[in-house]
Protein chains: 2
Amino acid sequence: MSTDCIFCKIAAGEIPATVVYRDELVTAFRDIHPVAPTHILVIPNKHIPSTNDLSEADQPLMGHLLGVVPKIAAQEGVVQSGYRLIVNTGPDANQVVMHFHLHIIGGQRMKYPMG
Amino acid sequence: MSTDCIFCKIAAGEIPATVVYRDELVTAFRDIHPVAPTHILVIPNKHIPSTNDLSEADQPLMGHLLGVVPKIAAQEGVVQSGYRLIVNTGPDANQVVMHFHLHIIGGQRMKYPMG
């Protein structure tokens, strides 16, 4: 845990968030600035700053993180309608919080073309 | 392998593609309709239609798939500038090819707000 990281604090339950899924490895909660009816962030409870920092040892964790996505999509009722996963890494992608987070966005048509 | 899946055929080397990374589990190649200077698709060699179809047994594979992203980002020279990962699932996200694929998009500022 990084003591000055807001997402570490959410994972630890030290800051309130609308948590929709939680287990020993990952936490999922609603984005406070949603861009669509469904907008959830899934984070590893462990502090990993960004995609660039993923190590070989993190692969089971990241596989699990992707594995919980269909469960959350089902909870949100977007399995059939569809959804977009986005992970922003670094300045060109406007990554704001330096704790890896995967956006699940759904409930409306996504932008096209994407980018 | 699904015999009528274009991405299965790319993974098997039966259809030409500009492959930038390949191993026994995943294949990465340039999108033929790039939306940015760097636009690469990373796919599991195994046929998995979409995020909704990920099983518990696929988690090591998907962890590996995310694990190769920083290597490809380094090859593309976008580690510092940043990049966006996108996985489209189903109709609201305009998923066209029903074989799981992760987009790596970089080399320019991404759209904001995303969605």
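- In this structure, A:L85 and B:I86 have side chains that are not in contact, with every pair of non-hydrogen atoms separated by 4.5 Å or more.
- The environment of CD in A:E14 is crowded: more than 12 heavy-atom neighbours from other residues, nucleotides or ligands sit within 6.0 Å.
- Take A:K71 and apply the side chain to side chain donor-acceptor pair (under 3.5 Å) test, not counting sequence neighbours, and it matches no residue.
- In this structure, chain A has no heavy atom under 4.5 Å from any part of B:H33.
- Interatomic distance, A:D92 CG to B:Q80 CD, rounded to the nearest 0.5 Å: 11.5 Å.
- The same ILVMFWY cluster, assembled from side-chain heavy atoms under 4.5 Å apart, contains both A:V87 and A:I48.
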| task | Tell me, with the steps shown, if B:Y83 and A:N52 meet side chain to side chain contact (heavy atoms under 4.5 Å, CB included). | result | CA-CA 10 Å; B:Y83 50 92; A:N52 288 330; 2.7 Å; yes

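- A chain of hydrophobic side-chain contacts below 4.5 Å, direct or via other Ile, Leu, Val, Met, Phe, Trp or Tyr residues, connects B:I15 to B:V97.
- Under the 4.5 Å side-chain heavy-atom criterion for Ile, Leu, Val, Met, Phe, Trp and Tyr, A:V26 and A:V19 are members of distinct hydrophobic clusters.
- Interface check for chain A: of the options B:M62, B:M114, B:M110, the most heavy-atom pairs under 4.5 Å are formed by B:M114.
- For B:Q95, no part sits under 4.5 Å from any heavy atom of chain A, backbone or side chain.
- Rounded to the nearest 0.5 Å, atoms CD (A:Q59) and CG (B:L65) are 9.5 Å apart.
- When hydrophobic clusters are built by joining Ile, Leu, Val, Met, Phe, Trp and Tyr residues whose side-chain heavy atoms come closer than 4.5 Å, directly or via intermediates, B:L25 is grouped together with B:V68.
- Listed options B:A93, B:G90, B:G115 were ranked by heavy-atom pairs under 4.5 angstrom with chain A; first place goes to B:G115.
- Interface residue B:V79: backbone and side-chain heavy atoms are both found under 4.5 Å from chain A.
- Around CD1 of A:I6, the count of heavy atoms belonging to other residues, nucleotides or ligands within 6.0 Å does not exceed 12.
- Only the side chain of B:I105 has a heavy atom closer than 4.5 Å to any heavy atom of chain A.
- Evaluated for a side chain to side chain donor-acceptor pair (under 3.5 Å) with A:R84, the options B:T89, B:N88, B:T51 yield exactly one hit, B:N88.
- In terms of non-hydrogen atom pairs under 4.5 Å with chain B, the most contact-rich of A:N94, A:L102, A:L54, A:V35 is A:N94.
- Among A:P60, A:S81, A:G82, the residue making the largest number of heavy-atom pairs under 4.5 Å with chain B is A:S81.
- Under the 4.5 Å side-chain heavy-atom criterion for ILVMFWY residues, no single connected hydrophobic cluster contains both B:F7 and B:I72.
- Between chain B and the options A:G106, A:P91, A:G107, heavy-atom pairs under 4.5 Å are most frequent for A:P91.
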